[in-house]
2 protein chains.
Amino acid sequence: MQNSFTEENYLKIIHALSGRDGLEVSTNALAESTSTRAASVTDMLRKLADKGLIHYKKYQGVTLTESGERVAIKVIRKHRLWEVFLVEKLGFGWDEVHDIAEELEHIPSEVLVEKLDAFLGHPKFDPHGDPIPDAKGNLTEPDYLILTDVQVSEKVLMMGVLDHAPSFLQHLDRSGITLGAVIEVKEINEYDKSASVQINGGPTLFISLEVSKNLLVQRR
Amino acid sequence: MQNSFTEENYLKIIHALSGRDGLEVSTNALAESTSTRAASVTDMLRKLADKGLIHYKKYQGVTLTESGERVAIKVIRKHRLWEVFLVEKLGFGWDEVHDIAEELEHIPSEVLVEKLDAFLGHPKFDPHGDPIPDAKGNLTEPDYLILTDVQVSEKVLMMGVLDHAPSFLQHLDRSGITLGAVIEVKEINEYDKSASVQINGGPTLFISLEVSKNLLVQRR
DNA sequence: ATATATTTTTAGGCTAGTCTAAATTTTTTA
DNA sequence: TAAAAAATTTAGACTAGCCTAAAAATATAT
Ligand SMILES: [Mn+2]
Ligand SMILES: [Mn+2]
Ligand SMILES: [Mn+2]
Ligand SMILES: [Mn+2]
């Protein structure tokens with residue numbers, strides 16, 4: 001039996017909200033993320049449980065089953081591959097591709113995904129630095145630092161973003177902070193934790209704590 | 001207001017069934033093409049009429065309005081561009097792409113279509129020889145011959161197919177009859193209208209009337 | 001021109017996915 | 001630990017898109 005567009009979205013969101021350690025996800029959190037009401041979520045949870053895609057006990061929150069996890073990861077693989085296609089082949093900006101990929105991720109052909117993957121050269125990361133699950137469903141989250149964890153005078157590589165909002169990505173574009181950029185922390189202000197950073201050995205700029213908290217980086 | 005997946009399919013099918021001269025399409029013909037029951041078609045026709053997408057008078061059949069025609073042609077444009085992508089970029093066979101394109105044609109981003117079109121080099125025809133509407137919605141059907149209209153000893157170019165069924169396309173593959181092939185009619189059998197044809201000056205083969213009736217060709 | 005056959009519409013009902021309002025369970029606070 | 005607050009589920013209802021069965025309109029054949 002095929003999973004619907006809506007079911008796939010629930011599974012993907014449960015995956016995201018339960019994080020690395022597969023924590024229980026609450027009804028309200030799902031209502032928030034799906035932009036529906038808690039009552040609607042409850043209905044859907046019963047259905048997903050009946051299909052064996054989630055573990056669900058009333059009032060206790062949910063986690064994905066093995067089977068649900070597999071479905072979620074396939075959807076994530078498709079989402080991220082399509083994002084690579086849109087940026088690398090069609091010339092979209094990284095701030096423009098998420099909503100289109102939300103649609104493309106539900107196109108249901110295994111062979112399409114594998115041919116797309118090959119066409120793109122089997123990319124390991126999407127335009128936001130998120131890892132792309134392989135064809136077997138292996139997804140390994142690299143353990144990046146958040147820029148707030150970096151000390152003054154350290155040099156790090158920009159590897160990804162936590163916030164995917166177009167407005168944030170556009171702000172990074174205007175600041176010249178792109179994937180792979182070298183960021184050197186020159187100074188951190190005690191008062192508001194804003195920082196001066198030098199990008200690629202070039203211009204130095206101020207970034208707010210809000211920005212630092214959403215930048216994933218790696219020591220070189 | 002956005003049109004649903006289902007509404008778009010109805011409009012596309014009405015476009016196909018009403019042909020060049022915009023003939024009235026019957027409820028039963030739509031039920032057949034959509035694999036639904038006549039009663040369901042009637043429901044949908046009332047809805048499409050309310051949205052101003054079709055002309056509908058009870059018991060009289062339907063035609064597209066200007067607005068409905070525009071929507072239908074956009075869907076056809078997307079379908080055919082995605083088919084080109086699947087064949088030219090991903091390496092699918094022309095017999096494998098229709099069902100996937102049926103899904104992709106409903107992805108709703110104008111800018112996506114235009115970037116895809118540019119990426120593909122603004123193709124004029126899809127992998128089956130069908131013309132691709134331009135960005136303004138102009139769709140001009142070239143007037144090809146059907147192979148049954150060709151006389152013995154004439155040489156023609158293979159330009160397209162009427163039947164898009166995978167089994168037919170695979171049959172053509174096995175016969176070496178591809179788009180652009182030169183077909184010379186060597187002989188027509190009075191009895192069953194089967195024909196001997198020479199492909200690209202190479203092998204001669206027999207084709208049934210059933211095949212001839214589905215080949216679109218052009219005099220050179 | 002009437003009877004018969006065919007086509008189309010109407011009536012009533014179903015499922016998926018959503019909603020609001022009310023009931024219930026769990027959690028927090030005093 | 002009992003009362004209050006918060007979270008969750010249940011009850012009942014709505015729309016889109018589909019169905020079957022019956023009624024009505026149109027087309028065909030005698
Ligand atoms: Mn995304
Ligand atoms: Mn992404
Ligand atoms: Mn097609
Ligand atoms: Mn085609």
Side-chain angles (χ1 to χ4, degrees), chain A residues 1-15 17-19 23-64 68 71-72 75 102-103 105-108, chain B residues 1-15 17-19 23-64 68 71-72 75 102-103 105-108:
Chain A
M1 184 190 330
Q2 267 281 104
N3 302 302
S4 71
F5 190 106
T6 308
E7 288 167 341
E8 287 189 348
N9 277 336
Y10 270 85
L11 295 173
K12 192 182 51 159
I13 290 168
I14 293 167
H15 176 92
L17 293 180
S18 63
L23 300 172
E24 317 264 298
V25 177
S26 75
T27 299
N28 267 356
L30 284 167
E32 170 82 30
S33 287
T34 55
S35 301
T36 61
R37 300 309 187 136
S40 311
V41 172
T42 299
D43 285 348
M44 180 58 76
L45 293 183
R46 232 169 21 78
K47 190 156 42 132
L48 293 173
D50 289 348
K51 293 179 89 173
L53 296 165
I54 59 173
H55 299 294
Y56 174 50
K57 266 191 271 172
K58 284 203 290 192
Y59 296 99
Q60 304 311 137
V62 295
T63 56
L64 295 177
V71 175
V75 176
E102 284 294 307
E103 307 281 333
E105 73 189 5
H106 303 291
I107 302 286
Chain B
M1 188 188 330
Q2 268 278 106
N3 302 302
S4 72
F5 189 106
T6 307
E7 288 167 340
E8 287 189 348
N9 277 337
Y10 269 85
L11 295 173
K12 192 182 53 159
I13 290 170
I14 294 167
H15 177 92
L17 294 179
S18 64
L23 301 173
E24 317 264 298
V25 177
S26 76
T27 300
N28 267 355
L30 284 168
E32 169 83 30
S33 288
T34 55
S35 302
T36 61
R37 301 306 188 141
S40 309
V41 172
T42 300
D43 284 350
M44 181 57 78
L45 294 183
R46 229 167 26 78
K47 194 161 34 137
L48 293 173
D50 288 349
K51 292 178 93 174
L53 296 165
I54 59 172
H55 299 292
Y56 175 49
K57 266 191 267 165
K58 285 203 289 191
Y59 297 98
Q60 304 312 139
V62 295
T63 55
L64 294 176
V71 174
V75 176
E102 283 294 307
E103 307 281 333
E105 73 189 4
H106 303 290
I107 302 286

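Every chain is numbered from 1 and lettered A, B, ... according to where its sequence line falls, protein lines coming before strand lines.
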d(CE, B:Met44; P, C:dT10) in whole Å:
16 Å

Nearest 0.5 Å, please: how far is CG in B:Asn3 from NE2 in B:His106?
11.0 Å

Output the single nucleotide from D:dT9, C:dC19, C:dT9 whose closest atom is nearest the side chain of B:Lys58.
C:dT9

Rounded to whole Å, how long is the line connecting atom CG of A:Leu30 with atom P of D:dA7?
14 Å

Rounded distance in Å - CG (B:Asp43) to P (C:dT8)
15 Å

Side-chain N or O of B:Tyr56 closer than 4.0 Å to phosphate OP1/OP2 of C:dT9
yes

Would you kindly give the CG-to-P distance between B:Asn28 and C:dT7, to the nearest whole Å?
6 Å

Which one, D:dC19, C:dT8, C:dA21, comes nearest to the side chain of B:Ala39?
D:dC19

Relative to the 5' end of DNA chain C, which residue comes earlier, A:Gln60 or A:Tyr10, by the nucleotide with the nearest heavy atom?
A:Tyr10

Between CZ of A:Arg46 and C1' of D:dT9 the distance, given in whole Å, is 10 Å

Chi angles and distances behind the salt bridge (Lys or Arg N to Asp or Glu O under 4.0 Å) call for B:Glu102, B:Lys12
CA-CA 11 Å; B:Glu102 283 294 307; B:Lys12 192 182 53 159; 2.9 Å; yes

Is the shortest heavy-atom distance from the side chain of A:Val62 to the side chain of A:Leu48 under 4.5 Å?
no

Can a side chain N or O of B:Ser40 be found less than 4.0 Å away from OP1 or OP2 on D:dC19?
yes

Can you find a side chain N or O atom of A:Thr42 that sits less than 4.0 Å from OP1 or OP2 on D:dT9?
yes

What's the CG-C1' distance between A:Asp50 and C:dT15, to the nearest Å?
14 Å

Gap between atoms CD and P, on B:Glu32 and C:dT6 respectively (whole Å)
16 Å

Of all the nucleotides listed (C:dT9, C:dT25, D:dC18), which has the minimum atom distance to the side chain of A:Tyr59?
C:dT25

Has A:Ser26 got a side-chain N or O lying under 4.0 Å from the OP1 or OP2 atom of D:dA7?
no

CZ of B:Arg37 versus P of C:dT7: gap in Å, rounded?
14 Å

